[in-house]
S.K.: 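The structure follows.
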Amino acid sequence: KKLEDESEKRLKAYCQKISPAGIKAQSILSAVKTVPELNKMSLGLGATMIAMGRTGKDWFQQYWLGGVSHRIAELSELPVLLVP
(Lines give C-alpha, C1' and ligand atoms only; values in the text may rest on other atoms or scores of the structure.)
Protein backbone atom coordinates (compact mmCIF):
# COMPACT_ATOMS: atom_id res chain seq x y z
CA LYS A 1 0.00 0.00 0.00
CA LYS A 2 2.80 2.43 0.85
CA LEU A 3 4.50 1.83 -2.52
CA GLU A 4 1.21 2.44 -4.32
CA ASP A 5 0.68 5.70 -2.44
CA GLU A 6 4.20 6.90 -3.25
CA SER A 7 3.82 5.93 -6.90
CA GLU A 8 0.49 7.73 -7.15
CA LYS A 9 2.05 10.88 -5.64
CA ARG A 10 4.90 10.78 -8.15
CA LEU A 11 2.51 10.30 -11.07
CA LYS A 12 0.38 13.25 -10.00
CA ALA A 13 3.51 15.39 -9.57
CA TYR A 14 4.62 14.53 -13.13
CA CYS A 15 1.19 15.51 -14.46
CA GLN A 16 1.35 18.85 -12.66
CA LYS A 17 4.89 19.44 -13.90
CA ILE A 18 3.93 19.16 -17.58
CA SER A 19 0.66 21.05 -17.22
CA PRO A 20 2.21 24.55 -17.75
CA ALA A 21 3.40 23.36 -21.18
CA GLY A 22 -0.22 22.79 -22.17
CA ILE A 23 0.00 19.01 -21.89
CA LYS A 24 -3.10 17.51 -20.34
CA ALA A 25 -2.29 14.32 -18.44
CA GLN A 26 -4.18 12.05 -16.10
CA SER A 27 -2.36 9.70 -13.76
CA ILE A 28 -3.69 6.18 -13.50
CA LEU A 29 -1.78 3.60 -11.54
CA SER A 30 -2.67 0.17 -12.83
CA ALA A 31 -1.26 -3.33 -12.79
CA VAL A 32 -2.80 -4.73 -15.96
CA LYS A 33 -0.61 -7.41 -17.43
CA THR A 34 -1.80 -7.91 -20.97
CA VAL A 35 -1.91 -5.75 -24.05
CA PRO A 36 -5.66 -6.28 -24.60
CA GLU A 37 -6.41 -5.23 -20.99
CA LEU A 38 -4.35 -2.06 -21.31
CA ASN A 39 -5.77 -1.21 -24.74
CA LYS A 40 -9.32 -1.65 -23.47
CA MET A 41 -8.69 0.46 -20.38
CA SER A 42 -6.87 3.22 -22.31
CA LEU A 43 -9.44 3.48 -25.07
CA GLY A 44 -12.27 3.44 -22.50
CA LEU A 45 -10.67 6.43 -20.78
CA GLY A 46 -10.28 8.30 -24.07
CA ALA A 47 -6.49 8.30 -23.83
CA THR A 48 -4.39 9.56 -26.71
CA MET A 49 -1.07 8.14 -25.47
CA ILE A 50 0.22 5.61 -22.96
CA ALA A 51 3.27 6.50 -20.86
CA MET A 52 4.56 3.67 -18.75
CA GLY A 53 7.65 2.59 -16.91
CA ARG A 54 9.52 -0.61 -17.22
CA THR A 55 10.60 -2.41 -14.09
CA GLY A 56 13.59 -4.26 -15.50
CA LYS A 57 13.07 -6.92 -12.83
CA ASP A 58 13.63 -9.87 -15.11
CA TRP A 59 16.18 -8.70 -17.66
CA PHE A 60 16.81 -12.23 -18.96
CA GLN A 61 13.16 -12.82 -19.83
CA GLN A 62 12.84 -9.33 -21.30
CA TYR A 63 15.92 -9.88 -23.44
CA TRP A 64 14.69 -13.17 -24.90
CA LEU A 65 10.90 -12.84 -24.78
CA GLY A 66 10.28 -9.11 -24.41
CA GLY A 67 8.76 -7.50 -21.34
CA VAL A 68 5.14 -6.49 -20.94
CA SER A 69 5.96 -2.84 -21.56
CA HIS A 70 7.76 -3.69 -24.80
CA ARG A 71 4.90 -5.87 -26.03
CA ILE A 72 2.47 -3.04 -25.29
CA ALA A 73 4.70 -0.61 -27.21
CA GLU A 74 4.68 -2.96 -30.18
CA LEU A 75 0.99 -3.89 -30.15
CA SER A 76 -0.93 -0.98 -28.63
CA GLU A 77 -3.41 0.93 -30.72
CA LEU A 78 -2.12 4.14 -29.09
CA PRO A 79 1.37 5.69 -29.13
CA VAL A 80 3.42 4.45 -26.16
CA LEU A 81 6.18 6.27 -24.27
CA LEU A 82 8.41 3.91 -22.25
CA VAL A 83 10.21 5.47 -19.30
CA PRO A 84 13.25 3.58 -17.97
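All figures in this text were calculated on a predicted structure; none of them were measured in a lab.
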S.K.: Name every donor-acceptor pair, under 3.5 Å, that has one atom in a side chain of residues 18-29 and the other anywhere in the protein, sequence neighbours excluded.
M.R.:
{"from": "S27", "atom 1": "OG", "to": "E8", "atom 2": "OE2", "distance (Å)": "3.1"}

S.K.: Once you round to the nearest 0.5 Å, how far does CD1 of I50 lie from CG of L43?
M.R.: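 Reported to 0.5 Å precision, the distance equals 7.5 Å.
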S.K.: Can you tell me how far the CD atom of E4 sits from the NZ atom of K9, to the nearest 0.5 Å?
M.R.: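 Rounded to the nearest 0.5 Å, the CD-NZ separation comes out at 13.5 Å.
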S.K.: Establish whether L11 and M52 are linked, either directly or via other cluster members, by ILVMFWY side-chain heavy-atom contacts under 4.5 Å.
M.R.: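 No, because L11 and M52 fall into different hydrophobic clusters, even though each may have its own neighbours under 4.5 Å.
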S.K.: Let me check something: any side-chain donor-acceptor pairs from residues 76-84 under 3.5 Å, sequence neighbours excluded? List them with distances.
M.R.:
{"from": "S76", "atom 1": "OG", "to": "N39", "atom 2": "OD1", "distance (Å)": "3.1"}
{"from": "S76", "atom 1": "OG", "to": "L78", "atom 2": "N", "distance (Å)": "3.0"}
{"from": "S76", "atom 1": "OG", "to": "L78", "atom 2": "O", "distance (Å)": "3.2"}

S.K.: Under the 4.5 Å side-chain heavy-atom rule for ILVMFWY, direct or indirect, which residues accompany L3?
M.R.: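 Its cluster partners, ordered by chain and number, are none at all.
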